[in-house]
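Only this structure's heavy atoms are used, side chains among them; waters, hydrogens and symmetry mates stay out.
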Amino acid sequence: GYTSVGINAESCVEENGCVDANVCGDHGTCVDSVPPNSGYSCACETGYHEQSGVCVDANECSSHTCGNAGDVNAMCVDKVAPEVGFTCVCSSGYVES
């Protein structure tokens with residue numbers, strides 16, 4: 001949005017939603033909303049997503065089971081930041097593909 005500047009101001013200036021430059025955390029860039037909207041959004045690095053206004057490591061295993069090829073006991077292991085992605089731990093007789 002907009003705000004007035006000073007006492008008896010004759011004009012309004014755009015509010016900067018990104019006053020705190022690190023508002024999105026270490027893995028995102030703050031993007032100021034364009035009026036008439038106010039606030040900000042976060043442009044997150046690859047492997048991160050916005051959650052409650054901060055860029056956090058995405059859990060890659062939430063959308064991968066590693067069992068698509070028949071290994072129902074395969075386990076998905078999410079990589080820990082700064083690495084992104086996941087790896088599959090396969091049962092005996094199976095290999096990652």
Side-chain angles (χ1 to χ4, degrees):
Y2 291 95
T3 189
S4 62
V5 178
I7 300 172
N8 297 325
E10 294 181 15
S11 64
C12 296
V13 295
E14 180 183 351
E15 293 176 350
N16 182 357
C18 295
V19 173
D20 179 1
N22 198 32
V23 69
C24 293
D26 293 335
H27 301 284
T29 302
C30 185
V31 179
D32 187 27
S33 297
V34 177
N37 298 318
S38 61
Y40 68 93
S41 62
C42 295
C44 301
E45 295 174 3
T46 302
Y48 293 83
H49 70 274
E50 186 175 347
Q51 180 177 320
S52 301
V54 178
C55 293
V56 296
D57 185 12
N59 181 354
E60 301 291 337
C61 291
S62 65
S63 59
H64 297 90
T65 64
C66 294
N68 297 356
D71 184 0
V72 294
N73 294 315
M75 289 182 9
C76 182
V77 178
D78 189 42
K79 292 186 178 182
V80 178
E83 292 187 56
V84 294
F86 67 96
T87 188
C88 293
V89 178
C90 303
S91 302
S92 179
Y94 291 90
V95 294
E96 284 187 75
S97 63

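- Taking 4.5 Å as the limit, every side-chain heavy atom of V54 sits out of range of all side-chain heavy atoms of V23.
- Nearest approach of G47 to V84, heavy atoms of both residues: CA-CG1, 3.6 Å.
- Between S33 and S38, the closest side-chain pair of non-hydrogen atoms is not below 4.5 Å.
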Test log, rule disulfide bond (SG atoms under 2.5 Å apart), inputs C76 and C61: CA-CA 6 Å; C76 182; C61 291; 2.0 Å; yes
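- In this structure T29 satisfies the side chain to side chain donor-acceptor pair (under 3.5 Å) test with no other residue, sequence neighbours excluded.
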Test log, rule side chain to side chain contact (heavy atoms under 4.5 Å, CB included), inputs C88 and Y94: CA-CA 10 Å; C88 293; Y94 291 90; over 6 Å; no
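- With hydrogens and angles ignored, the 3.5 Å screen pairs no side-chain donor or acceptor of D32 with any backbone N or O of Y40.
- Interatomic distance, M75 CE to C66 SG, rounded to the nearest 0.5 Å: 9.5 Å.
- For C90, there are no disulfide (SG to SG under 2.5 Å) partners two or more places apart in sequence or in a different chain.
- When the SG-SG distance for C42 and C55 is compared with the 2.5 Å cut-off, it comes out at or above that value.
- With sequence neighbours excluded, the residues that form a side chain to side chain contact (heavy atoms under 4.5 Å, CB included) with E83 are K79.
- Shown here are the ring-ring contact (aromatic ring centres under 6.0 Å, His included) partners of Y48, two or more places apart in sequence or in another chain: H27.
- Here the closest non-hydrogen pair linking C30 and G17 is SG-O, 4.2 Å.
- Within the 3.5 Å criterion, the main-chain N or O of E60 finds a donor-acceptor partner in the side chain of D78.
- Among residues two or more places apart in sequence or in another chain, the side chain to side chain contact (heavy atoms under 4.5 Å, CB included) test is passed with D26 by N22.
- Residues V89 and E96 fail the side-chain proximity criterion, which asks for heavy atoms closer than 4.5 Å.
- Scored by the side chain to side chain donor-acceptor pair (under 3.5 Å) test, D71 finds S91 as partners (sequence neighbours excluded).
- If you take CD on E15 and CG on N37, they are separated by 12.0 Å, rounding to the nearest 0.5 Å.
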